[in-house]
Structures are given as C-alpha cells and as structure tokens.
Amino acid sequence: GVCQISKAADFQIADPSPATFRAPFQGFGAEWDPFYFVENNQKRGVDEAGWKLITQRIKDLDIRIVRMMMQLKWCQADPNLARWTWDTPQMKSVFRYLDFCQANDIDVILTDWGWAARGKNLAGHNLYPKPSDPRYARGMAAYLKELIVNRKYTCIRYFVAGNEPDYELIRDHGMAEYAGMYVNVDAALRQAGIREKVKVMGPDMASLPELMKHGIDKLKSVVDAYDFHRYALAAETSNLGVRSAADSLWSNLDMWRGEADRRDPNGSGKWLMVTEMGMQGSETLSNPRNNNTFEYAMDMADYGTTLLNCRIQAGIAWTMHDVYYNDTSFGKEFETWLVPAGMWKYHDKKWELRPWAQSFGLLIKHAPRGSMQAIVNGTPPQTPALSPYRCAAVKRPDGGWSIFLVNRTGKDEVFSVPLPAEPRRGYKKYVFDKQTAAQFPDTIVLPPVKQVGHLERKTKLTVPGQTFVVLVETEVAQPQTSSQPATGSP
C-alpha cells in the first residue's frame, strides 16, 4: 500500500547555508568545572582511574568544546594583584583539565564567575566593592596572559566575565557597572597585548530577556560573541501543549540572533552560543528535575536537534559529570554541593551513565565542530510549525551528512527526509529509545543498529514513538573477500 506521509513529519532538507547560519557550527559540549583534583573530591576517593575513565569518555564522544569555571580568588588574594599563587591544589586541578583540553583539541570557554567583583554577600571572595573596579579587569588580563601566553593554553578560545549577571552582578550593582566591567576587561586585555588571542563573550544571561537585550546594547562595542543560558520547559521543547510558536523552544533560542542583528551593527558577524543548556529544574539545588529518566534524555535530544535548526554556533550542556564543588563562599553547605546534573554520576555511583549521556552523545559525536547546518523546511529564518516531530541536518567537515530525527508522540511515524542532492556513500543508523540504556548500560557512544546501503536522496523511514534516530553518512566499508589474512601479510 501507499505510505500516508503525515505533513508534520514531511521535511525538505536544503543545502547547508553559511549565509543563513553565519558560521560553521562549533559543536555540542558540556560544562566541565575543574574540581576533580581538589581535596573535596580526593577525600571522597576519586582517583586516577576515575580521571582516566572520564577523559576516555570525553575522547570517545569527540567533545571539542567545554565551558570551564574559574575564579580570580583561586590564584589571587590581594586586590592590588601583588602575589599570584599558581601552585595551590585548586590551580593544579585547573591545569590538569587545561592540559587535557590542550592535548585533545578542545576549545575552552573560560568563565570567571565574577565573584571577586560582586562586592557583597560572598564572604571570602569579594576582592572588589563593585564590578567596574579597574583592578578586577587587570586581574582578568593577568591571569589570561599567564594561562594563554606563559603556559601556552591556546585551547582557551573564549572568555566570559561574570556568570549569570542577571542573578549576580547586574542584580547587585546595575547594568552600568556591569558594562563598565566589560569595557575595562577589553582595555586591560589590549594593554596586556592579548586582546586578539581570545574571543570576549557575554552577557551570559540566565533567564531575564530584558537584560539580554540591554546586555547586547551595552556590550556590543567590546564583545566578539554573544551567549546566554536556557533551561527549557518540557512542553516548549516537545511542543506538546504549547499554544503559540512564540512560546516554542525554537523561538526562545533563535530570537537572540534577531536581537543581536538588530541591536548591534556588527551583530550579524558575531557568533551566538547557548553556554548552559538543560531542562528546567535540573540546575536547582533544592528540587532538581529528575535527569535520570528516559524523558529527560528525549528532551535533551529534542533540545539539541532544535538548536541545530537555529542560527546558533554551539550548545553547552550543564554538566559533563557529577562532582563536588569546592567553594565555601556561600558558607559550609556549598562544600557538600554535589551538582547532580551530569551526563554521568559520581564516583560513589561508579560513574554510572544517565540516559541523556547517550542521546546527547549522538548530537555531540555526529554534529561535530566545523559542521554546516542545513535549512529544513525554510527554517531558519522561517519559524517552524508547532509539531512533535523534529528534523535537523548538518554537513560534517568530512563531507558526509548527519540527519537527526525526533518523534515525541507515542506512535510510529513515517518521516520523509529528502536531501538536496544524491548522496554518494553508505550510512549508519543510530537509535536511542526506551531500551537503549538497559541494553548498553556502560556505553556512552551507542553502536549503530546497522550499516545501511546508500542513503537515498528521497529517504522515507519509520521513526517509532518516543525515539531519537540519527542517520550518519559514512564511507562504504570495503567488503571482506575472505576471513583469512592474505599470505605474506604481517
């Protein structure tokens, strides 16, 4: 019989468009904060074997971008910046992380959380009464110079001053103070002769849209790129129960490209990144959304697929893996703060994978840095129709296609995904579903379900309900003529 194609799952994939997407995609990654080698974790028994497992997983996923926390106070206790301490356990931990990133070609978004400049309610951290104190900016320039020039961590490609300023710096001091801090940082980096060695990015907005708009207005003369955080609602992500396209996740992400273009005369050439992505609730200490579930994993697959349909250059998940933070600035309880938001759990849970490691892992692995995003059904710039079906496609740097398909309904659906030109190669098919975590409990990179023949230009395939399917065009393997090695071969 003839397949009835539901309009909702009918996708037209166009050629990748640098003009629409502005730049190659810089990758999916995760927050990876450098606390593994500090006492707080060491006393709980984490060891070199655990580090080896963590770093092997990062290599297996081919992660090429991470966001990393830093604090001025870790290496500088004097507001006048007289004596730097680079050999504390905390800084040694930072260097272990940076050594790994440098050796494995991983771009680092270094974020100084700005607590030195908050000036209130941060016992032990506030070196400066307000963000615009020029010494704070000189401190930023000095430690970036130490890391990038003296220690040759050229992996530090982006720098953000002040985490979530709408909750911290702007809330406490106002926008003028915050913007003054960025102007000072820009000037201090120039004075240190390292301005061109790092992209300065901001405003790292948590959740207040007005402040993102003001941030673009006030920082546009000094930043090279824009970033924001988005913890999405399950409804806006799947579109199940969303009334208008303006409330969809796509609109809440892509709108910032429009605002950057509109508010900054050079905005169209500046990259835009989501530097914390997750599902709402996952980041709260008191009431974490349950990220151990299959639903969370489907939400993250859906979120990443949506992000590839936006004019956005990177997506950083919160977080890589569970670890105890090592900071008593908020009082004693912060020292026992295990951030339970990772792709995998802590040492005491044997670094067990959460299901979303596998679904998000498919995005990390198969939409690598240097990929070009493709327009799907006119999106972007068109706003996609509200639908429980998602399709995104990228042309990877190796020239092959990766196609990401999400079905959020409870029943099978036939997806139509015609490509702009006849593909030349074979492809592999990856499937993430309810069974995956049970079948492959310790496998962060899911194996393909099969090597399929050639990708058809007019591909139609059934995507079961609640399933994430990834089609990856690859070189066709040479058929083995015999299981015996040829005579005389080593």
S.K.: Sequence neighbours excluded, which residues qualify as side-chain hydrogen bond (donor to acceptor under 3.5 Å, both in side chains) partners of D47?
M.R.: none
S.K.: With a 4.5 Å heavy-atom cut-off, do F468 and V463 have their side chains touching?
M.R.: no
S.K.: Taking the inter-plane angle between the rings of Y325 and F35 on a 0 to 90° scale, is it parallel (under 30°), tilted (30 to 60°) or perpendicular (over 60°)?
M.R.: tilted
S.K.: Strictly distance-based, threshold 3.5 Å: is any side-chain N or O of E473 a donor or acceptor partner for the main-chain N or O of W401?
M.R.: yes
S.K.: Between the side chains of T111 and D204, does any donor sit under 3.5 Å from an acceptor?
M.R.: no
S.K.: Would the Y136 and W115 ring centres measure less than 6.0 Å apart?
M.R.: no
S.K.: Ignoring hydrogens and angles, tell me if any N or O in the side chain of Y303 forms a donor-acceptor pair with the backbone of L249 under 3.5 Å.
M.R.: no
S.K.: Considering non-hydrogen atoms only, spot the tightest contact between M201 and I109 and give its length.
M.R.: CE-CG2, 3.7 Å
S.K.: Could you tell me if the side chain of F37 sits less than 4.5 Å from the side chain of Q42, heavy atoms only?
M.R.: yes
S.K.: Begin with the C-alpha distance, continue with both residues' side-chain angles, and end with the deciding distance and a verdict on salt bridge (Lys or Arg N to Asp or Glu O under 4.0 Å) for D166 and R171.
M.R.: CA-CA 6 Å; D166 36 347; R171 186 192 62 190; over 6 Å; no
S.K.: Quick one: closest heavy-atom pair of W250 and N309, and the distance?
M.R.: NE1-O, 2.9 Å
S.K.: Is the shortest distance from a Lys or Arg side-chain nitrogen in R67 or D227 to a carboxylate oxygen in the other one below 4.0 Å?
M.R.: no
S.K.: Quick one: are the ring centres of Y324 and Y346 less than 6.0 Å apart?
M.R.: yes
S.K.: How are the rings of Y36 and W51 set to each other: parallel, tilted or perpendicular (split at 30° and 60°)?
M.R.: tilted
S.K.: Check T237 against A232 and note the closest heavy-atom contact, atom names and distance.
M.R.: OG1-CB, 3.4 Å
S.K.: Taking all heavy atoms of L98 and all of C155, pick out the closest pair and write down the distance.
M.R.: O-SG, 4.0 Å
S.K.: With no hydrogens and no angle check, do the side chains of N377 and T379 hold a donor and an acceptor under 3.5 Å apart?
M.R.: no
S.K.: Applying salt bridge (charged side-chain N to carboxylate O under 4.0 Å, His left out), can you list everything that pairs with E39, at least two apart in sequence or on another chain?
M.R.: none
S.K.: How close do M91 and T85 get, heavy atom to heavy atom, and via which atoms?
M.R.: CG-O, 3.7 Å
S.K.: With no hydrogens and no angle check, just 3.5 Å: does a side-chain donor-acceptor pair link Y167 and S207?
M.R.: yes
S.K.: With a 4.5 Å heavy-atom cut-off, do L211 and Y178 have their side chains touching?
M.R.: no
S.K.: Do F25 and F21 have ring centres separated by under 6.0 Å?
M.R.: no
S.K.: Between R44 and D348, is there a side-chain N and carboxylate O pair less than 4.0 Å apart?
M.R.: no
S.K.: Is any side-chain heavy atom of N291 closer than 4.5 Å to a side-chain heavy atom of M300?
M.R.: no
S.K.: Within 45° of the six-membered ring axis of W351 and under 6.0 Å from that ring's centre, is NZ or CZ of K345 located there?
M.R.: no
S.K.: Can you check salt bridge (Lys or Arg N to Asp or Glu O under 4.0 Å) on R369 and D107, steps first, answer last?
M.R.: CA-CA 10 Å; R369 184 179 66 199; D107 293 339; 3.3 Å; yes
S.K.: Ring centroid separation for Y226 and W256, is it under 6.0 angstrom?
M.R.: no
S.K.: Is R230 paired with E236 through a side-chain N to carboxylate O contact shorter than 4.0 Å?
M.R.: yes
S.K.: Does a salt bridge link R195 with D224, judged by any charged N lying under 4.0 Å from a carboxylate O?
M.R.: yes
S.K.: Only pairs under 3.5 Å count here: list side-chain donor-acceptor contacts from residues 356-363, not counting sequence neighbours, and write none if there are none.
M.R.:
| from | atom 1 | to | atom 2 | distance (Å) |
| --- | --- | --- | --- | --- |
| W356 | NE1 | G342 | O | 3.3 |
| Q358 | NE2 | F440 | O | 2.9 |
| Q358 | NE2 | T443 | O | 2.8 |
| S359 | OG | A297 | O | 2.8 |
| S359 | OG | W356 | O | 3.3 |

S.K.: Backbone N or O of P24 within a donor-acceptor pair of the Q26 side chain at under 3.5 Å?
M.R.: yes
S.K.: By the definition side chain to side chain contact (heavy atoms under 4.5 Å, CB included), identify the one residue from R157, Q102, M68 that meets it with V108.
M.R.: M68
S.K.: Only counting residues at least two apart or in another chain, list the ones meeting side chain to side chain contact (heavy atoms under 4.5 Å, CB included) with I194.
M.R.: L144, K145, V149, L189, A192, K197
S.K.: Okay, side chain of N104, backbone of F100: is any donor-acceptor separation there less than 3.5 Å?
M.R.: yes
S.K.: For the aromatic rings, using the six-membered ring if either is Trp, is the centroid distance between H366 and Y430 under 6.0 Å?
M.R.: yes
S.K.: Hey, can you tell me if W32 and H321 have their rings parallel, tilted or perpendicular (30° and 60° cut-offs)?
M.R.: perpendicular
S.K.: Is NZ or CZ of R57 both nearer than 6.0 Å to the six-membered ring centre of W344 and within 45° of the ring axis?
M.R.: yes
S.K.: Between Q76 and Y143, do the side chains contain an N or O donor and an N or O acceptor separated by less than 3.5 Å?
M.R.: no
S.K.: I'd like to know if E352 and K349 make a salt bridge, using a cut-off of under 4.0 Å between side-chain N and carboxylate O.
M.R.: no
S.K.: With sequence neighbours left out, which residue pairs that include part of residues 86-96 fulfil the side-chain hydrogen bond (donor to acceptor under 3.5 Å, both in side chains) condition?
M.R.: E48-R96
S.K.: With sequence neighbours excluded, what pairs up with S251 under the side chain to side chain contact (heavy atoms under 4.5 Å, CB included) test?
M.R.: S248, T383
S.K.: Decide, yes or no, whether a salt bridge links K270 with D264 under the criterion of side-chain N to carboxylate O below 4.0 Å.
M.R.: yes
S.K.: Kindly give the heavy-atom pair with the smallest separation between C391 and I13, and that separation in Å.
M.R.: SG-CD1, 4.1 Å
S.K.: Is there a donor-acceptor contact under 3.5 Å linking the side chains of R396 and S402?
M.R.: yes
